[in-house]
Amino acid sequence: MAVEKLSESERKNWLSALDGWSMASDRDAIERTFKFADFSEAWAFMSRVALLAERHDHHPEWSNVYNTVEIALTTHDADGLSQRDVEMAKAINAL
Ligand SMILES: C[C@H](O)[C@H](O)[C@H]1CNC2=NC(N)=NC(=O)C2=N1
C-alpha cells in the first residue's frame, strides 16, 4: 500500500498533539525517550509496544539501556514521516 509522507502543515498539526514526541534533528522521524523505575518496567513497556507494532504493522526503531527506552518512528516505505507514525505515537502514548 503506498504510504504518503506528511505535508509540512500536517506535521505542525500532529507534532503539537503528540505529547513528549519531537522531530529528530538528523532525519525525517519523530522520537521520544521513556524512563521507567527499572529494567523490568522498561521491558514490560517494550513488550506492549511490540504487540502494538505487530497490530499496526508499523515497527519502531528503538534502543533500551536499563530503565530507559528511546523510540524513533519513521515510515521506511515512505522514506520519511507518515500518518502511520502519528498513529503509532498516539497508540504508544495511550499505553
Ligand atoms: C511488509 C510490511 O507490511 C512492511 O514492511 C511494513 C512493516 N513495518 C514497517 N514499519 C515502519 N516503521 N515502516 C514501514 O514502512 C513498515 N513497513
Side-chain angles (χ1 to χ4, degrees):
M1 178 182 85
V3 187
E4 293 298 311
K5 269 189 189 177
L6 291 179
S7 66
E8 274 314 303
S9 62
E10 284 171 322
R11 285 154 197 269
K12 288 188 179 57
N13 295 346
W14 281 115
L15 269 185
S16 58
L18 288 177
D19 284 351
W21 293 82
S22 52
M23 279 303 293
S25 56
D26 56 349
R27 65 197 181 120
D28 197 18
I30 53 175
E31 50 192 29
R32 181 174 179 182
T33 298
F34 298 84
K35 282 201 183 303
F36 297 92
D38 53 26
F39 174 75
S40 174
E41 293 289 314
W43 182 254
F45 170 73
M46 290 178 78
S47 301
R48 297 176 72 195
V49 172
L51 293 174
L52 272 184
E54 287 295 273
R55 194 177 317 146
H56 285 243
D57 188 30
H58 197 71
H59 301 81
E61 297 175 15
W62 52 358
S63 69
N64 159 245
V65 177
Y66 183 57
N67 67 330
T68 303
V69 180
E70 292 180 354
I71 299 183
L73 293 171
T74 189
T75 303
H76 308 126
D77 295 344
D79 195 24
L81 214 51
S82 78
Q83 188 61 32
R84 296 175 74 172
D85 299 303
V86 174
E87 295 310 317
M88 188 63 186
K90 278 165 54 180
I92 290 171
N93 279 4
L95 286 179

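First listed ligand is number 1; within each ligand, the first listed atom is number 1. Start at 1 with the first residue, then count along the sequence.
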_Is there a side-chain contact (heavy atoms from CB on, under 4.5 Å) between Arg32 and Asn93? Walk through the geometry before answering._
CA-CA 10 Å; Arg32 181 174 179 182; Asn93 279 4; 2.7 Å; yes

_Closest contact, heavy atoms only, Glu4 versus Ala78_ = C-CB, 4.4 Å

*Which protein residues have a heavy atom under 4.0 Å from ligand 1?*
Asp57, His58, His59, Thr74, Thr75, His76, Asp77

*Is the shortest heavy-atom distance from the side chain of Trp14 to the side chain of Ile30 under 4.5 Å?*
no

_Side-chain ion pair, Glu8 and Arg11, N-O less than 4.0 Å_ = yes

*Under the side chain to side chain donor-acceptor pair (under 3.5 Å) rule, collect the residues that match up with Glu54, sequence neighbours excluded.*
His59

*Please name the pair of heavy atoms, one in Ala42 and one in Val69, separated by the smallest distance, quoted to 0.1 Å.*
CB-CG2, 3.9 Å

